[in-house]
Amino acid sequence: MSQGKVVLMACGSFSPPTYMHLRMFEIAKDYLHSLGLANVIGGIVSPVHDAYGKKDLVAAQHRIAMLKLALRSSTWIKISDWETQQNGWTRTRISLQYHQDIINRFLTNISTIDDMDAPNWLPDDILNVNNMNSGNSIDEPDNLMERLNGNRVERVTVKLLCGADLLESFATPGLWSDEDLETIVGRHGLVVVSRAGSDPGRFIYESDMLYKHRNNVTLVTNYIANEVSSTVIRRLVRRGESAKYLTDDAVLAYLRTHRLYGATSSQTDKI
């Protein structure tokens, strides 16, 4: 059964972004569409605040700049800097709810909206619907009434896109609060991309909370092996070894230019 309109959202460090960070969006979208489970209308990458304090976490301005370079060719995945602009680290459930509320507020707003008021991470489908509303509000009053009556407005759900490692972190004592997990899984839902051979289904079965909301967890198996991680790229850069073909060349050029992760100008030929 279709879960309606969905926006996939990945939260994390992205220090630096890798091809696998972005492939997850494509894999999940294809899966949901091919089985008719949801209509994916957008994707959001939300980097964490600098205050998250993770080892090797470079400043948000650099992580956002690298994400922009990595996503130049994407027509549907956008970057939200909202978390990085807060006073400190933001809990994932709060970030999910904020983005979902903003999307649905724009979707259901019948009045004219100035483009300057729209956050740059808003999915294009939402912007197009709202512009259509504004343009048709006078010429097509019947269409306006249908929308006002709720017959054509379908709310959007922002689902957390993640790997199996994040799913398994739910079992780490003290890492996630019960309120966080109930909200994330129960109200938003998870789309979990795991590698072939892993068994996230068993983990769901062994967790009472995940089992309770199992219908709101979509498991997607990635049969094309890709073990690339930010950790691997940082290690190669730090050691002066080549990280080429593990992420976008422009990302590697950026981190070299800004001397991130121990990169030096002498690594030009290697990365």
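Keep in mind it's a predicted model, so treat the numbers as computed, not measured.
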### Message
Keeping Thr172 on the side-chain end and Leu175 on the backbone end, is there a donor-acceptor pair under 3.5 Å?
### Response
no
### Task
Could you check if a side-chain atom of Leu35 sits within less than 4.5 angstrom of a side-chain atom of Tyr31, using non-hydrogen atoms only?
yes
### Message
Using the rule given for side chain to side chain contact (heavy atoms under 4.5 Å, CB included), can you reason through Leu160 versus Val191, listing the C-alpha separation, both sets of side-chain angles and the distance that settles it, and then say yes or no?
### Response
CA-CA 6 Å; Leu160 181 62; Val191 179; over 6 Å; no
#### Entry: Spatial distance of atom CD1 (Ile41) from atom CD1 (Ile103) [nearest 0.5 Å]
6.5 Å
### Query
Residues in ring pair (Phe, Tyr, Trp, His ring centres under 6.0 Å) with Tyr98, at least two apart?
Trp82
### Check against side chain to side chain donor-acceptor pair (under 3.5 Å), Gln100 and Arg155
CA-CA 9 Å; Gln100 179 169 292; Arg155 287 183 60 83; over 6 Å; no
### Task
Work out which heavy atom in Trp76 is nearest to a heavy atom in Gly42; give both atom names and the distance.
CE3-C, 3.5 Å
### Linked, directly or transitively: Met209 and Leu219 (ILVMFWY side chains, under 4.5 Å)
yes
### Query
Linking I/L/V/M/F/W/Y whenever any side-chain heavy atoms sit under 4.5 Å apart, do Val156 and Leu127 land together?
yes
### Query
What distance do Leu71 atom CG and Met66 atom CE have between them, rounded to the nearest 0.5 Å?
12.0 Å
### Summary
What one should report as the nearest heavy-atom pair of Ala243 and Leu252 is O-CD1, 3.6 Å
### Query
Are Val232 and Tyr254 in one and the same hydrophobic cluster, where Ile, Leu, Val, Met, Phe, Trp and Tyr link if side-chain heavy atoms are under 4.5 Å apart?
yes
### Query
Going by the salt bridge (charged side-chain N to carboxylate O under 4.0 Å, His left out) test, which pairs reach into residues 212-226, not counting sequence neighbours?
Glu182-Lys212
### Task
Could you please spell out the steps behind the side chain to side chain contact (heavy atoms under 4.5 Å, CB included) verdict for Val6 and Leu8?
CA-CA 6 Å; Val6 164; Leu8 300 172; 4.0 Å; yes
### Minimum side-chain heavy-atom gap Lys159-Val7 below 4.5 Å
no
### Query
Quick one: are Lys78 and Ile44 in side-chain contact, heavy atoms under 4.5 Å?
no
### Query
What is the distance from atom CZ of Arg91 to atom CD1 of Ile94, rounded to the nearest 0.5 Å?
7.0 Å
### Query
Have Tyr261 and Ser15 got a donor and an acceptor in their side chains that come within less than 3.5 Å?
yes
### Query
Roughly how far apart are Leu246 CG and Met20 CE, rounded to 0.5 Å?
13.5 Å
### Query
Do Ser95 and Glu83 meet the criterion of a side-chain donor-acceptor pair at a distance under 3.5 Å?
yes
### Message
If hydrophobic clusters are built by linking Ile, Leu, Val, Met, Phe, Trp and Tyr wherever their side-chain heavy atoms come under 4.5 Å apart, do Leu166 and Leu57 end up in the same one?
### Response
no
### Message
Applying ring-ring contact (aromatic ring centres under 6.0 Å, His included) as the test, list every pair that has at least one member in residues 218-238; sequence neighbours left out.
### Response
none
### Query
Is it true that Tyr211 and Val185 fall in one hydrophobic cluster, defined by side-chain heavy atoms closer than 4.5 Å?
no
### Message
Could you check whether any side-chain N or O of Ser198 sits under 3.5 Å from a backbone N or O of Pro200, counting only pairs where one atom can act as donor and the other as acceptor?
### Response
no
### Side chain proximity check, Pro47 to Asp81, heavy atoms < 4.5 angstrom
no
### Task
Quick one: closest heavy-atom pair of Ala263 and Val237, and the distance?
CB-CG1, 3.5 Å
### Message
Using a 3.5 Å distance criterion without hydrogens, assess whether the side chain of His33 forms a donor-acceptor pair with backbone atoms of Val40.
### Response
yes
### Query
Is it true that a side-chain atom of Arg239 and a backbone atom of Leu236 form a donor plus acceptor pair closer than 3.5 Å?
no
## Note on the structure
Closest heavy-atom pair, Gly186 versus Asn216, reported as atoms and distance to 0.1 Å, is O-ND2, 3.2 Å
### Message
Donor-acceptor check, side chain of His21 to backbone of Thr18, threshold 3.5 angstrom: yes or no?
### Response
yes
### Task
For the residue pair Phe170 and Leu210, establish whether any side-chain heavy-atom pair is separated by less than 4.5 Å.
yes
### Message
Taking Arg93's backbone N and O only, do any of them form a donor-acceptor pair with Asp180's side chain (distance below 3.5 Å, no angle check)?
### Response
no
### Message
Given 3.5 Å as the limit, does a donor-acceptor pair link the side chain of Ser207 with the main chain of Ile204, or not?
### Response
no
### Message
Looking at every heavy atom in both Ala250 and Leu69, which two are closest together, and how far apart are they?
### Response
O-CD1, 3.5 Å
### Task
Give a yes or no on whether Tyr52 atom OH has more than 12 heavy-atom contacts from other residues, nucleotides or ligands under 6.0 Å away.
no
### Query
Would you find a donor on one side and an acceptor on the other, under 3.5 Å apart, between the side chain of His49 and the backbone of Ala51?
yes
### Task
Report yes if some heavy atom in the side chain of Met9 is under 4.5 Å from a heavy atom in the side chain of Phe25; otherwise report no.
no
### Query
Do the side chain of Arg63 and the main chain of Val58 share a donor and acceptor less than 3.5 angstrom apart?
yes
### Message
Are the side chains of Thr218 and Leu190 in contact, using a 4.5 Å heavy-atom criterion?
### Response
no
### Query
Between the main-chain N or O of Pro16 and the side-chain N or O of Ser230, is there a donor-acceptor pair closer than 3.5 Å?
yes
### Task
Would you check if Thr92 and Trp176 make a side-chain contact, meaning some heavy-atom pair closer than 4.5 Å?
yes
### Task
Output yes when Asp248 and Arg72 qualify as a salt bridge under the 4.0 Å nitrogen-oxygen rule, no when they do not.
yes
### Task
Dump the intermediate steps for side chain to side chain contact (heavy atoms under 4.5 Å, CB included) on Val192 and Val220, then the final yes or no.
CA-CA 6 Å; Val192 184; Val220 185; over 6 Å; no
### Query
Roughly how far apart are Arg187 CZ and His213 NE2, rounded to 0.5 Å?
10.5 Å
### Task
Can you measure from CG (Asn222) to CE (Met24) and round to the nearest 0.5 angstrom?
10.0 Å
